[in-house]
Amino acid sequence: MTALGTIVAAWLFAIGLYGVVTSRNLVHLVVSLSVSQASTYVLLLAVGTRAARPGPPARAVDPVLQALASTDVVVAVVIAALLLALVVQVHKRTGSLDPDALRRLPE
Amino acid sequence: MIGWVAPLPIAVPWAAAALVLLFDRVADRRLTRLLTGVAVAAEVAGAAALLHHAGAHPAVMWVGGWAPVHGVALGISLTLDRLGAGAALGAGVAVAAAVALIPATLEDAGTTVDALLLVLLGAMAGFCLTGDLLTMLVFFELTAVASIALTAYDTGSVAALRSALSLGITSTISAFLGVMGIALIYARTGALNLAQIARAVAADPRPDRVIVLALGLLSAAFLIRAAIVPFHLWFVDTISASPLPVVIVLGGVLGTLGLLGVVRLWPAVSAAAGVPARGVADVLVVAGAATALVGGLLGLGFTAARRRLAFVIVAQTGITLVGAGLLSAGGLGPAILYSAGSGLAVGALACGLAVLDLARPRAGAALLVAGGLAVAGLPVLAPGLALQRLERAARGAGYPWVVPVVALAAAMAGGAVLRMARSSPQGGQPEATRRRVAGAVGIGAVLLVLAVLAGAAGGWTGAAGGWTAAAAAGAAGTAPAAVPITLGGTLVDLLSVAGALLLGSGYGSGFTRRLGRQAAVASTWSAVRRLHDGSIGDAVAWATIGTAAITLALASAMR
């Protein structure tokens, strides 16, 4: 696990979340979520590129974490597709993409 | 011997979901309904068989025969213990109630709803039965995807779309936290299997900051899905906007499964990681108590029936966390009984609301009142019988303040339900057929009877051998700790019920109205309302704050 990888992951996660929290456009919001998700790829790959435990090649990578990262990419695509489908429906119903246009004061 | 049954609770609902969609065009709706019903019944039977066979020690089945070699688990295990099998059984019962309620609430529902409920059921069963941390997270993600689609079933409603988006985004962020936690744990231990993680951590017993950070992230991931305050904003919105059958599953069982994740995580890893159990218990018990109080209070404060129901569920999850957070068999046993009973009560309440929607105010109100008494802790049904044991376990563990807090939360939650019954609307759909009404009333009544039976099976007397005590002991790895019910505990239960009746009858509403005129109170209340207006940004911001708070609290408990 490298310090650089960890720092990049934390940074991506933070700016992605900032985008989600402050977003004024639902498509932008879903893309921000994807930025945030990129942090998990970076972290997984950073963890996986440590020197392999026992055995010769010193800079081997761990295939388990690469498998996790590729699974993570697939999940990201599914989630983004599902959320964007909802965004299309929202636009159809309200004619707006502003998340704040969906807010209603509860009783 | 029981090995071949183990994958069935996961595989059968999924296979049935595919078949249901396949038959959608060619077969009669009655056939697909029958298929759904049979698949859910098979899941319930399979989980019951696993529960029956699960002994004091978990049986392990390696999927595809990929058994560990030299102590390294490359394959994925199904770890069958009473806790997991019981949770899978509870998930099956909730989905069965939901499927049965569909004809009464979503008359023209297509096969999609059946298929999605089956996918959700298979994923929940997988989450309960697997012994692999990554697989747990994957199954939990799948429950999220299925719930998003179910919540957004009514695409004509803006509130449904908004809550589905909120659920989707919040649960996705919880998955990121989970993946990061898993990556960090893997970095330290090189393992994904829970048992192997625990062994690797135990081999190096020095306190490890990376492991603690990972546990904090994973706990936050699970608590977000359990809707513990301040992670509850998406949940309240979702419960307010989802179809009632979906409410039974999301509110009755899915949140509790989030707590199951925490329970699986901590005893296995934390003791070995050098984190004092007391420090972790402090964090979880306080979080649970705060959730219970906030849920009860806001359940009374808001007036829309669905929103009240949502906060009642939040309060119940908080109370369950108080018991589970003690991280002992003595606390977990009552927590299991309480979560089973409160899940059944939520089902009965959803049925009551369905009957009200069918314009039968009297029958609907009767179900709500019965459910409200269960929520308040009437010591005949499972929640009440569990509450007093939970309070005693907390007092014994050095948290005497839990007793009044939990009793007050139960009274407020019960009072909120009784207020729902009092302000039940007139009108609705006058053309409702007798059959639909009878269906909804029948399901609610069956769930309440199950709540009585669960309480009785949990041991009226608390003699050793109560199923919850045994399940808790299996999960915590200690001898069964059976707690008998007592006169004092029963009196506290009855006090809660009396409080609920007072609050439910509108006692003190003059006082709250006067209080509401105070500028400070009025501005606080309007801020609380604004916080719960369904803003996605707010839900994510509070989830972030909560994650940071929980991780910091756990890190400081480590010292």
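Hydrogens, waters and symmetry mates play no part in the numbers below; they use all other heavy atoms, side chains included.
Taken from CG in A:Leu26 to CZ in B:Arg162, the straight-line distance is 12.0 Å, to the nearest 0.5 Å. To the nearest 0.5 angstrom, B:Phe176 atom CZ is 11.0 Å from A:Leu12 atom CG. The structure places OG of B:Ser166 at 11.5 Å from CG of A:Leu86, a figure rounded to the nearest 0.5 Å.
Among the candidates B:Ala304, B:Ala543, B:Ser535, B:Gly534, the residue making the largest number of heavy-atom pairs closer than 4.5 Å to chain A is B:Ser535. Looking only at heavy-atom pairs under 4.5 Å with chain A, the residue among B:Val236, B:Ile182, B:Val540, B:Val138 that has the most is B:Val540. Considering only heavy-atom pairs separated by less than 4.5 Å from chain A, the leading option among B:Ile148, B:Val145, B:Ile169, B:Thr544 is B:Ile169. Here B:Leu165 is the residue among B:Ile536, B:Val158, B:Leu165 with the most heavy-atom pairs under 4.5 Å with chain A.
Crowding of B:Trp542 atom CH2: a count of heavy atoms from other residues, nucleotides or ligands under 6.0 Å not exceeding 12.
With a 4.5 Å cut-off on non-hydrogen atoms, A:Tyr18 does not touch chain B at all. Looking at B:Arg529, both its backbone and its side chain come within 4.5 Å of chain A, counting heavy atoms on both sides. Interface remark: B:Asp237 contributes no atoms to any contact with chain A (heavy atom separation under 4.5 Å). Heavy atoms of A:Ile79 lying under 4.5 Å from chain B belong exclusively to its side chain. Only the side chain of B:Thr172 comes within contact range of chain A, with heavy atoms under 4.5 Å apart. Interface remark: B:Leu531 contributes no atoms to any contact with chain A (heavy atom separation under 4.5 Å). Both the backbone and the side chain of A:Leu83 come within contact range of chain B, with heavy atoms under 4.5 Å apart.
Heavy-atom proximity under 4.5 angstrom to chain B picks out A:Gln89, A:Val90, A:Arg93, A:Thr94 from residues 89-98 of chain A.
When all heavy atoms of A:Leu44 and B:Ala183 are compared, the closest pair comes out as CD2-CB, 3.6 Å. Across all their heavy atoms, A:Arg103 and B:Arg530 have their closest contact at NH2-O, 4.4 Å.
Side chain of A:Arg104 to main chain of B:Asp533: no donor-acceptor pair is present (N/O by atom type, distance under 3.5 Å, no hydrogens or angles).
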One pair to check against side-chain contact (heavy atoms from CB on, under 4.5 Å): A:Asp62 and B:Tyr186. What are the steps and the verdict? CA-CA 11 Å; A:Asp62 187 334; B:Tyr186 188 87; 2.7 Å; yes

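Taking 4.5 Å as the limit, some side-chain heavy atom of A:Leu33 sits within range of a side-chain heavy atom of B:Ile173.
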